[in-house]
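Quantities reported herein were computed from a predicted structural model and do not represent experimental measurements. Position 1 is the first residue of the sequence, and the numbers go up from there.
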Amino acid sequence: MTSHLDFSGCKKRKRGERVFRFKSFGENGYPVGFVGSSFRENVKALLEYGHMEGGSLCSTSSTGMKCWSFQLQVHRHAPAHVVLFVVEEPIEASLNRHCKQCQYVGWGQHMVCNKKYHFVLPSADTMVAAAACLNCKGGKVSSSVGNGGKLVDTAAINGNGANSSNSLVELEGHMMHGVFHSNGFGHLLCVNGLETGSDLAGHQILEFWDRLCTGLRARKVSLNDVSQKRGMELRLIHGVAYSEPWFGRWGYRFGRASFCVTQQMYQKAIEALQGMPLCLIIHDHLATSNHDIPLIFSRYHTLSDNSLVTLGDLFHFMLELKSRLPPTDQNSCIDSSYNPAMLVETNCRWSPKRVEMATRVIVEALKRVQFRWVSRQEVRDAARAYIGDTGLLDFVLKSLGNHIVGNYLVRRTLNPVTKVLEYCLEDISNHVSPNNQDGLLRNNPKMKASWYKISKFQLMKDMFYLYKHILKDQKLSSTGIFSAIPMAVRIIIDSKYLVKDYCGGEVPMGVELGLQGKSNIYCTVMLTNTDHEELDHDQNYNKIISNNATLPPYECLTLKNNATVDELKKEVERNFREIYWGLRGFVVETIGNLKNAKGTDMVFGLVEAGQKIVVEGSNKDMRGLVKQEMYECGREYIVDCPCGAKEDDGERMVGCDICEVRQHTLCVRIPNNEQVPHIFLCNRCEREIILLPSP
C-alpha cells in the first residue's frame with residue numbers, strides 16, 4: 001500500500017478550516033485547555049484540533065503512521081503561514097526501536113515507549129522534498145533531495161510500502177523538528193533560523209517550542225547544541241559572555257558532556273575564560289607587534305560606560321551592543337583569512353591580495369591630502385593612477401567606511417551641503433600607548449564619536465577575530481595563564497548535551513485532591529521477575545524507595561474518591577501497558593506496602609498524602625523478551641575509554657578486535673580526519689600479546 005501525504009492541502013485548505021496564531025499557539029487555552037496531568041492526555045487533546053492528513057498516515061493499520069497538521073499564521077497584516085505537522089510514530093513503524101538521543105544524554109535506563117510524537121515545522125525545501133518522495137510510485141525514493149535532507153527507503157527496509165511516510169520525519173533541514181516519547185521525555189532535534197533561509201528567527205522557533213513543551217506537560221527535553229553563528233560556536237561565545245549557552249535563555253542547562261566531562265569541569269572552564277584579564281592579552285599582543293586585538297579592545301572600551309577588565313566583560317558588552325544596533329544590509333561572511341582591516345565577501349570576484357592592494361593605494365592617496373576631507377570622486381581618481389579596475393575601487397571604497405587599516409581609521413560621511421560622500425584618514429597609532437599597561441583608548445571625544453558609527457556587521461567581524469585568535473586558533477603565548485585557554489575551550493565545546501526539566505524536579509508524589517469527586521495518585525512499577533531477586537516484601541519496597549533511579553517515571557492516575565484497590569490495579573495496568581513497549585503484558589501483583597490490602601478496600605482510605613506508590617508485577621505475556629531490549633540502551637557494547645567514559649556519548653568510537661571494548665578515536669590518537677584502521681587493538685590487549693610466551 002502506498003502512502004501519500006497531501007501537502008498540496010497545506011496551501012489551499014477547505015473553507016472554514018481554522019487558522020491558529022503562531023505567537024499564541026501552545027499557550028494554555030489556545031487551542032485547547034491543557035487540563036490533563038500527563039503528556040499523553042494533553043497531546044491527545046491537542047490533536048483533536050488538528051487536520052488529519054489523508055493516505056495511510058490516517059490508516060488504522062498497526063504499522064501506519066498518523067499525521068495531523070495545523071495552519072499557523074505568523075503575521076496578520078501581511079498574511080504569512082507556516083504548517084505544523086504532528087506525526088504519531090508507533091514502535092512497529094520505527095526503523096530503530098531504541099533512541100540514540102536518549103543514550104547520548106544519559107537516559108539509556110528509560111524503558112522503550114510504544115509511541116513517539118514528532119512535531120515538525122518544515123522548511124520550503126523539506127516540504128517539496130517530502131511531497132516529491134510521497135508522490136513517487138510505491139513510495140520509494142533513494143536519492144537525496146532538498147536542503148541537505150536525506151530520504152530513507154523505508155519500504156525497502158521494512159518489506160512493504162506502508163511506512164514510506166517516514167520520509168517526513170527522516171528529512172533533515174526542517175525549521176524545527178522535535179520528538180516526544182509517550183512518557184513525556186523529548187528531544188529537540190533541530191532548529192534552523194533565518195541564516196538557513198527559514199521564514200522564522202531562531203528565537204521565535206525556540207519560544208514556540210517552549211510553549212508546546214510547557215502546555216503539553218513534557219517532563220524533560222534534551223538537545224544537542226551544535227549551533228553556530230558565522231562560523232563561531234555559540235555555546236562557547238555565550239558561555240564566556242553569559243555563563244550559559246544560547247539555549248540557556250529558555251532554561252536549558254548542562255545535561256551531559258562528551259569525553260567524561262563533568263558539570264564541575266564545565267563551570268571551571270567557563271570561569272577560567274571569563275576571568276582572563278584583558279591587560280595581559282593586550283600586553284602579549286603588543287610584545288609580538290600585533291596591534292589588531294588591542295585596537296579592537298580600545299574600540300569597545302570607548303563605547304562602554306563601564307570598565308571592561310576581563311574577556312567575559314568584553315564578550316558580554318559586545319553581544320549586548322549587537323542586540324541594540326540596527327540590522328545591517330551587508331550579506332557577507334568572514335573567511336578563514338580574515339583581516340580586521342578589510343572585509344572580503346564570499347561572493348567577491350577579486351582575490352584578497354587585489355583587495356588588499358587597492359586598500360593600500362586608497363589609504364596612501366588619503367595620506368597625500370594631509371588628512372583632510374576629500375570627495376569620493378577625488379579619492380577614486382587618485383587611486384586610478386595605480387589601479388585600473390574601477391569596479392575593484394568602487395567595491396573597496398564602499399567597504400572601507402569607518403574601518404581600521406593598520407594604524408589609521410578611514411572615516412566616511414555624507415557632506416550635508418553637497419550631498420556627496422567624503423573620506424578622511426585619522427591616525428590612531430597614538431591611542432595605544434606602550435607605557436599604558438592596559439593599552440586602552442584614551443578619553444578622546446572625537447574618536448568616541450567615530451566609534452559610535454560601528455555597524456552590527458563590523459561588530460560581528462571583530463568578534464570573529466577575537467574568537468579565532470584568542471579562543472580557537474590561539475596566538476597567545478602557551479605559558480602561564482594562557483596555557484589554560486585551549487583546555488577550557490575544549491571542555492566547553494564538548495559540553496553540548498543540554499536538558500530542561502519542565503517538571504521543576506520530581507513529579508509531585510502522593511495524593512492530590514481533584515474536582516468532581518476525583519483525585520490524582522502518582523505511581524510507578526517494578527518488574528519483580530527481572531529487576532530484583534525475591535526479597536522480603538518490606539525490605540524490597542524500602543530498597544526501591546531509597547533508590548528509584550531504575551524505575552519508570554511516576555505516572556499520574558486519576559481515580560474516583562471511592563475507587564477500590566482492584567480498580568487501582570486495573571488503571572495501573574492500562575496506563576503502563578499503553579506507555580511502554582516492554583510492559584504490554586504487565587500484570588499487577590502487589591501494591592507497595594499495601595500487601596495485606598483487600599481488593600475491595602478503598603484506596604484513599606489506605607494511602608496518605610505525600611506517600612509514594614510503587615506497584616510490583618510481572619510480564620506474563622513477554623517472558624521471552626530479553627531485558628536489555630526493554631530499555632533505550634539496548635544490547636549495549638562495553639565502553640571503557642582512557643578518558644573515563646563508560647557509556648556511548650555520541651562521539652566517534654573504535655572497537656578492539658580482540659576484546660571488543662570501545663574507546664573514543666580521539667582518546668587513542670586517531671584524528672577525526674583519519675579513517676579508523678581495519679585492525680585495532682587496545683593497549684591492554686597489545687600488552688597481553690607482548691607478554692605471551694613464545695612457542
Side-chain angles (χ1 to χ4, degrees), residues 10 18-53 66-74 81-89 99 101-102 105 113 115-123 126 168-169 174-193 198-225 227 246-253 255 498-504 507 553 556:
C10 301
R18 187 170 179 182
V19 177
F20 302 95
R21 296 189 305 274
F22 176 82
K23 292 183 178 180
S24 304
F25 192 85
E27 294 178 353
N28 196 9
Y30 192 82
V32 61
F34 297 109
V35 296
S37 300
S38 69
F39 167 80
R40 289 177 300 118
E41 294 177 12
N42 288 318
V43 76
K44 289 177 182 177
L46 175 65
L47 294 180
E48 290 181 2
Y49 287 79
H51 173 83
M52 181 171 260
E53 297 291 341
K66 299 178 182 179
C67 179
W68 295 261
S69 63
F70 297 84
Q71 282 270 42
L72 305 178
Q73 184 184 65
V74 180
H81 296 78
V82 294
V83 182
L84 170 67
F85 288 102
V86 182
V87 180
E88 182 185 78
E89 178 186 0
C99 177
Q101 285 75 27
C102 283
V105 81
C113 292
K115 293 180 181 179
K116 296 177 184 175
Y117 293 91
H118 296 265
F119 285 72
V120 179
L121 287 176
S123 64
T126 55
L168 181 65
V169 298
H174 297 301
M175 284 192 289
M176 185 200 81
H177 184 184
V179 61
F180 294 102
H181 300 282
S182 52
N183 63 358
F185 286 81
H187 314 281
L188 180 57
L189 302 181
C190 78
V191 172
N192 290 303
S198 168
D199 296 328
L200 299 169
H203 69 89
Q204 292 177 299
I205 299 174
L206 258 296
E207 289 164 3
F208 174 75
W209 171 254
D210 196 54
R211 289 196 304 271
L212 282 176
C213 294
T214 303
L216 294 172
R217 304 283 178 88
R219 281 197 168 100
K220 290 184 180 181
V221 176
S222 77
L223 60 86
N224 181 7
D225 184 6
S227 54
W246 181 74
F247 293 96
R249 295 163 56 184
W250 293 273
Y252 287 87
R253 300 290 181 261
L498 310 178
V499 174
K500 179 172 180 179
D501 187 348
Y502 281 90
C503 295
V507 176
C556 177

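- Between atom OG of residue Ser227 and atom CH2 of residue Trp246 there is a gap of 7.0 Å, rounded to the nearest 0.5 Å.
- The closest donor-acceptor contact from the side chain of Arg21 to the backbone of Val74 lies at 3.5 Å or more, if one exists at all.
- In this structure, SG in Cys99 is found 3.5 Å from NE2 in His181, a value given to the nearest 0.5 Å.
- Under the side chain to side chain contact (heavy atoms under 4.5 Å, CB included) rule, Ser69 has a single partner from Val120, Val83, Leu84, which is Val83.
- In terms of the side-chain contact (heavy atoms from CB on, under 4.5 Å) criterion, residue partners of Cys190 (sequence neighbours excluded) are, by chain and number, His174, His177, Asn192.
- In summary, of the residues considered (Phe247, Tyr252, Phe180), a ring-ring contact (aromatic ring centres under 6.0 Å, His included) with Trp209 occurs for Phe180 alone.
- Heavy atoms of other residues, nucleotides or ligands lying less than 6.0 angstrom from NZ of Lys116 number more than 12.
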Audit row: His203, Trp250, side-chain contact (heavy atoms from CB on, under 4.5 Å) steps and yes/no: CA-CA 9 Å; His203 69 89; Trp250 293 273; 3.9 Å; yes
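- Rounding to the nearest 0.5 Å gives a distance of 8.0 Å between OG of Ser38 and CZ of Arg219.
- Rounding to the nearest 0.5 angstrom, the gap separating the CG atom in Leu212 from the CG atom in Leu46 is 7.5 Å.
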Residue pair Leu72, Val19: steps toward the side-chain contact (heavy atoms from CB on, under 4.5 Å) verdict: CA-CA 6 Å; Leu72 305 178; Val19 177; over 6 Å; no
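- Evaluated for a side chain to side chain contact (heavy atoms under 4.5 Å, CB included) with Leu188, the options Ile205, Asn224, Leu223, Leu498 yield exactly one hit, Leu223.
- Lys23 is linked by a salt bridge (charged side-chain N to carboxylate O under 4.0 Å, His left out) to nothing, counting only residues two or more places apart in sequence or in another chain.
- In this structure, Thr214 contributes its side chain and Arg211 its backbone to no donor-acceptor pair below 3.5 Å.
- Donor-acceptor pairing under 3.5 Å is recorded for the side chains of Tyr502 and Asp210.
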CA sep, side-chain torsions, deciding dist, call: Phe22, Leu121, side-chain contact (heavy atoms from CB on, under 4.5 Å): CA-CA 11 Å; Phe22 176 82; Leu121 287 176; 4.3 Å; yes
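- Residues Lys115 and Arg40 have side chains not in contact (no heavy-atom distance under 4.5 Å, counting atoms from C-beta outward).
- Listed for the Lys220 side chain is no donor-acceptor partner under 3.5 Å among the backbone atoms of Gly186.
- The structure places NZ of Lys44 at 11.0 Å from CZ of Phe39, a figure rounded to the nearest 0.5 Å.
- For the pair Gly26 and Pro31, the tightest heavy-atom approach, listed with the atom from each and the gap, is N-CD, 4.3 Å.
- Annotation: Phe25 is in aromatic contact with Phe70 [ring centroid separation under 6.0 Å].
- With rounding to the nearest 0.5 angstrom, the OH atom of Tyr49 is 7.0 Å from the CZ atom of Arg18.
- At a threshold of 4.5 Å between non-hydrogen side-chain atoms, the residues Cys102 and Phe185 do not count as touching.
- Phe34 and Glu27 make their closest contact through CE1-O, 3.9 Å (heavy atoms, listed as atom of the first residue, atom of the second, distance).
- For the residue pair Met52 and Lys66, the shortest heavy atom distance occurs at CE-CD, 4.1 Å.
- A pairwise comparison of heavy atoms in Cys113 and Ser182 identifies CB-OG, 3.3 Å as the closest pair.
- When each of Met175, Met176, Glu207 is checked for a side chain to side chain contact (heavy atoms under 4.5 Å, CB included) with Leu200, only Met175 meets the rule.
- Among all heavy-atom pairs drawn from Tyr117 and Glu88, the shortest one is OH-OE2, 3.2 Å.
- Here the shortest heavy-atom pairing between Val499 and Ser222 reads CG2-CB, 4.1 Å.
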